[in-house]
Enquirer: 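Starting off with a structure, shown below.
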Amino acid sequence: IMVLFGMVAYQSSYCESLYVCIEFTVFGTMKKFTARSFFILCPLVSLCILLFLLPIKTTAADTTVQSCPELLNFNFKRLQDDVPQNLCQYSGKVVLVVNTASYCGYTGQYDGLEKLYAKYKDKGLVIMGFPSNDFNQEPGKNTEIADFCYNTYGVKFPMFAKSSVKGNEVNPMYELLIKTSGVAPSWNFFKYLIDRNGHLISSFSSHTKPEDGSLVKAIEQALISSK
């Protein structure tokens, strides 16, 4: 606003220094405008031009909401401290979604998942872990699960609070993943792969290890695909 008034004042002083009258011809008749008329007109014209040129502000939040794909448009609490997280922050990334458990024959896949994340995160991969007791192998509290994951496997990829990934109490993201893919997790460490545009690419069974060639190839192809 200060800049706007400053420019108007500048225009006013400029206009005031112009000739006392300006002559021009309209339909062959000479007419005169006094300096007073011109003095009033100049700042008004400047004001209109400035208002026209001012950009319309769009907040980062508005942009995020507009560009967030449906499969990521959810909020979940972070595993280690229950701080709410908006998954829209991962828009534009390749996302591997995995339901996890601490007392499962596949729990060792945490190690492979963390290595996969460390290798490809700078290229745009994010892995999301969703602990679940749907198969009776994750009885612990969130803080206990977080300590186990970090202290045992050094997990640094995003992990979210324990929730259900199937059945009547399925969390909303998994509900949509199941609806989109037509396949629900049949056991712990079932995997869904989502591309940069937020579209589901494929699902992988619990038997598919993080280092499996088919999974790695699908991730690499998704990473090099343009947005």
Side-chain angles (χ1 to χ4, degrees), residues 63-79 85-101 104-132 134-135 138 149 153 155-167 169-227:
T63 303
T64 301
V65 170
Q66 292 173 4
S67 61
C68 185
E70 187 180 12
L71 280 174
L72 296 179
N73 198 9
F74 300 102
N75 290 282
F76 288 98
K77 291 181 179 179
R78 199 159 55 185
L79 178 65
Q85 300 291 301
N86 189 327
L87 302 192
C88 289
Q89 66 183 291
Y90 301 113
S91 296
K93 293 185 178 292
V94 174
V95 181
L96 185 65
V97 185
V98 188
N99 61 300
T100 65
C104 175
Y106 295 114
T107 300
Q109 288 191 20
Y110 268 128
D111 183 60
L113 289 170
E114 180 56 35
K115 289 178 179 177
L116 195 66
Y117 177 62
K119 183 176 181 179
Y120 292 107
K121 66 178 180 179
D122 291 338
K123 296 181 180 179
L125 174 68
V126 63
I127 296 175
M128 298 182 185
F130 286 85
S132 172
D134 288 330
F135 305 103
E138 188 61 283
C149 290
Y153 296 102
V155 171
K156 296 182 181 66
F157 58 82
M159 295 282 294
F160 300 97
K162 186 166 71 171
S163 63
S164 185
V165 298
K166 69 182 188 72
E169 298 181 0
V170 60
N171 75 51
M173 183 178 189
Y174 265 83
E175 182 178 19
L176 184 56
L177 284 168
I178 294 169
K179 179 181 178 180
T180 304
S181 67
V183 182
S186 55
W187 200 248
N188 302 306
F189 291 89
F190 190 86
K191 305 162 188 72
Y192 294 99
L193 185 62
I194 301 171
D195 70 13
R196 291 185 184 275
N197 295 309
H199 301 140
L200 182 67
I201 297 175
S202 185
S203 59
F204 298 84
S205 73
S206 305
H207 300 289
T208 305
K209 296 180 179 180
E211 61 272 21
D212 186 276
S214 61
L215 176 57
V216 173
K217 182 178 179 180
I219 290 173
E220 289 179 341
Q221 288 179 339
L223 288 171
I224 61 176
S225 297
S226 58
K227 295 183 181 181

Enquirer: If you take all heavy atoms of V216 and P210, which pair is closest and at what distance?
Expert: CG2-O, 3.6 Å
Enquirer: Given I194 and L177, is the side-chain contact (heavy atoms from CB on, under 4.5 Å) satisfied, shown in steps?
Expert: CA-CA 10 Å; I194 301 171; L177 284 168; 4.1 Å; yes
Enquirer: For the pair S132 (side chain) and A101 (backbone), establish whether a donor and an acceptor sit closer than 3.5 Å, ignoring hydrogens and angles.
Expert: no
Enquirer: Please collect all side-chain hydrogen bond (donor to acceptor under 3.5 Å, both in side chains) contacts where either partner lies in residues 116-126, sequence neighbours excluded, each pair once.
Expert: Y120-E220
Enquirer: Cut-off 3.5 Å, no hydrogens considered: what does the side-chain donor-acceptor table look like for residues 156-165, sequence neighbours left out?
Expert:
from: K162; atom 1: NZ; to: E138; atom 2: O; distance (Å): 3.0
from: K162; atom 1: NZ; to: G140; atom 2: O; distance (Å): 2.8
from: S163; atom 1: OG; to: N171; atom 2: ND2; distance (Å): 3.0
from: S164; atom 1: OG; to: D134; atom 2: OD1; distance (Å): 2.9
from: S164; atom 1: OG; to: D134; atom 2: OD2; distance (Å): 3.2
from: S164; atom 1: OG; to: K166; atom 2: O; distance (Å): 2.7

Enquirer: List in chain and number order the residues that pass ring-ring contact (aromatic ring centres under 6.0 Å, His included) with F74, two or more places apart in sequence or in another chain; answer none if no residue qualifies.
Expert: none
Enquirer: Given M128 and L87, is the side-chain contact (heavy atoms from CB on, under 4.5 Å) satisfied, shown in steps?
Expert: CA-CA 10 Å; M128 298 182 185; L87 302 192; 4.0 Å; yes
Enquirer: When you look at H199 and L71, which way does the side-chain contact (heavy atoms from CB on, under 4.5 Å) test go after all the steps?
Expert: CA-CA 7 Å; H199 301 140; L71 280 174; 6.0 Å; no
Enquirer: Within this structure, what is the CG-CD distance for the pair L200 and E70, rounded to the nearest 0.5 Å?
Expert: 12.0 Å
Enquirer: Show, in sequence, the C-alpha distance, side-chain angles and deciding distance for L72 and M173, and conclude whether the side-chain contact (heavy atoms from CB on, under 4.5 Å) test is met.
Expert: CA-CA 7 Å; L72 296 179; M173 183 178 189; 4.1 Å; yes
Enquirer: With sequence neighbours excluded, what pairs up with N75 under the side chain to side chain donor-acceptor pair (under 3.5 Å) test?
Expert: none
Enquirer: Look up atom CD1 in I219 and atom CG in L116, then write down how far apart they are to the nearest 0.5 Å.
Expert: 4.0 Å
Enquirer: Suppose the criterion is side-chain hydrogen bond (donor to acceptor under 3.5 Å, both in side chains): which pairs have a residue in residues 172-183, not counting sequence neighbours?
Expert: none
Enquirer: Quick check: do S225 and D195 have side-chain heavy atoms less than 4.5 Å from each other?
Expert: no
Enquirer: Taking the six-membered ring for Trp, is the centroid-to-centroid distance between Y153 and Y110 below 6.0 Å?
Expert: yes
Enquirer: What are the two closest heavy atoms between S91 and C68, and how far apart are they?
Expert: OG-CA, 3.7 Å
Enquirer: Going from NZ on K191 to CG on L215, what distance comes out if it is rounded to the nearest 0.5 angstrom?
Expert: 7.0 Å
Enquirer: Heavy atoms only: give me the nearest F135-N188 pair and the separation to one decimal.
Expert: CD1-OD1, 3.2 Å
Enquirer: Measure across S214 and T208 and return the closest heavy-atom pair with its distance rounded to 0.1 Å.
Expert: OG-CG2, 4.3 Å
Enquirer: Hey, which of F76, Y192, F190, F189 is the one that makes ring-ring contact (aromatic ring centres under 6.0 Å, His included) with F130?
Expert: F76
Enquirer: Hey, could you give me the SG/CD distance between C149 and E114, rounded to the nearest 0.5 Å?
Expert: 10.0 Å
Enquirer: Partners of N99 by side chain to side chain donor-acceptor pair (under 3.5 Å), sequence neighbours excluded?
Expert: none
Enquirer: Rounded to the nearest 0.5 Å, what separates atom CD1 in I224 from atom CZ in R196?
Expert: 10.0 Å
